[in-house]
Amino acid sequence: QGIEFIHHTESNSIQRSEIFEFVKNNMKGNLTVCLSELILVTVALQLGEIGVLYGIFFALDKLFNSITQAVSNSAGIQFGKELSLNSLEAQLGPFVVIGFLNAILVSLISLVSLNFYSEFFTLSHYLSPIIGLVFFKSINTYFFKGILRQGGDIEWIKTVNIWITSFVKILISIFLVFVSYYGLSAELLFWALLVQSLVISLIISRRLISKRWFHEL
């Protein structure tokens with residue numbers, strides 16, 4: 001019984017250590033994303049109408065993201081079951097379809113919402129990059145939280161959040177300062193963010209196809 005107690009205690013200690021590591025990596029990635037987003041919002045709000053538009057997009061993005069979060073959580077639960085039942089192997093096809101359907105739905109909702117605000121702002125120059133940005137952000141959030149995080153790929157997600165999501169947003173903020181100073185078109189903000197989201201989507205696609213993360217669980 002003494003040996004069993006010691007083994008049980010060590011097992012609990014290992015589990016707590018893994019949980020703390022999971023939380024630490026999650027917090028590092030999310031906090032850096034939040035910080036970079038706050039910097040970008042602060043800079044954007046100095047740019048007049050484009051800054052106000054980004055403020056509206058930033059608020060609506062939380063609504064769009066909440067839909068994706070709900071879908072990601074539901075898909076993640078089922079994906080976790082698939083992994084446990086099939087010895088860490090699961091068919092990605094159905095989950096990919098759900099991710100794209102969700103992105104299309106969220107993009108349509110954002111299009112309707114932004115058309116409403118077009119009565120107050122001139123959005124014709126911005127709708128294309130904004131809708132594209134919403135689409136790819138939905139894709140990225142879904143696969144991050146519904147598939148990769150569910151499979152335990154937290155270290156890789158943290159790296160992407162810190163170096164690609166956060167660092168690039170800070171660079172975009174610096175870029176916007178120069179855009180404002182030299183009087184260039186501030187709509188480049190949305191195109192720059194769209195390119196960033198597209199690059200992240202390509203990186204996620206490569207990660208999923210490689211299935212390297214299956215062997216890192």
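What you see below is based on every heavy atom in this structure, not just the backbone, and it leaves out hydrogens, waters and symmetry mates. Sequential numbering from 1 along the given sequence is applied to the chain's residues.
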For residues [X] and [Y], determine if any side-chain heavy atom of one lies less than 4.5 Å from a side-chain heavy atom of the other.
{"X": "Y142", "Y": "V71", "result": "yes"}
{"X": "L40", "Y": "L189", "result": "yes"}
{"X": "L171", "Y": "F167", "result": "yes"}

Going by the rule side chain to side chain donor-acceptor pair (under 3.5 Å), which residues pair with T68 if we only count those two or more places apart in sequence or in a different chain?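 Once residues adjacent in sequence are excluded, the partners of T68 under the side chain to side chain donor-acceptor pair (under 3.5 Å) criterion are N102.
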
Contact summary for [X] and [Y], nearest pair of heavy atoms:
{"X": "L194", "Y": "P129", "result": "CD2-CA, 3.9 Å"}
{"X": "S138", "Y": "V106", "result": "OG-CG1, 3.5 Å"}
{"X": "S107", "Y": "A103", "result": "OG-O, 2.7 Å"}

Any side-chain hydrogen bond (donor to acceptor under 3.5 Å, both in side chains) pairs touching residues 188-197, not counting sequence neighbours? none

Those residues that, when tested against [X], pass side chain to side chain contact (heavy atoms under 4.5 Å, CB included) (two or more places apart):
{"X": "N65", "value": "Q69, T141"}
{"X": "F100", "value": "V96, F135, I139"}
{"X": "L35", "value": "I39"}
{"X": "A192", "value": "I172"}

Pair listing, salt bridge (Lys or Arg N to Asp or Glu O under 4.0 Å) test, anchored in [range], at least two apart:
{"range": "residues 95-108", "result": "none"}
{"range": "residues 128-140", "result": "D61-K137"}
{"range": "residues 94-115", "result": "none"}

In the hydrophobic clustering (ILVMFWY, side-chain contacts below 4.5 Å, transitive), which residues join V97, or is it alone? L101

Other hydrophobic cluster members with L38, side-chain heavy atoms of Ile/Leu/Val/Met/Phe/Trp/Tyr under 4.5 Å, chained? none

Mind checking the CG-CG spacing from L198 to L202? Nearest 0.5 Å is all I need.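 That separation rounds to 4.5 Å.
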
Calculate, to the nearest 0.5 Å, the distance between atoms CG and CG belonging to L193 and L188 respectively. 11.0 Å

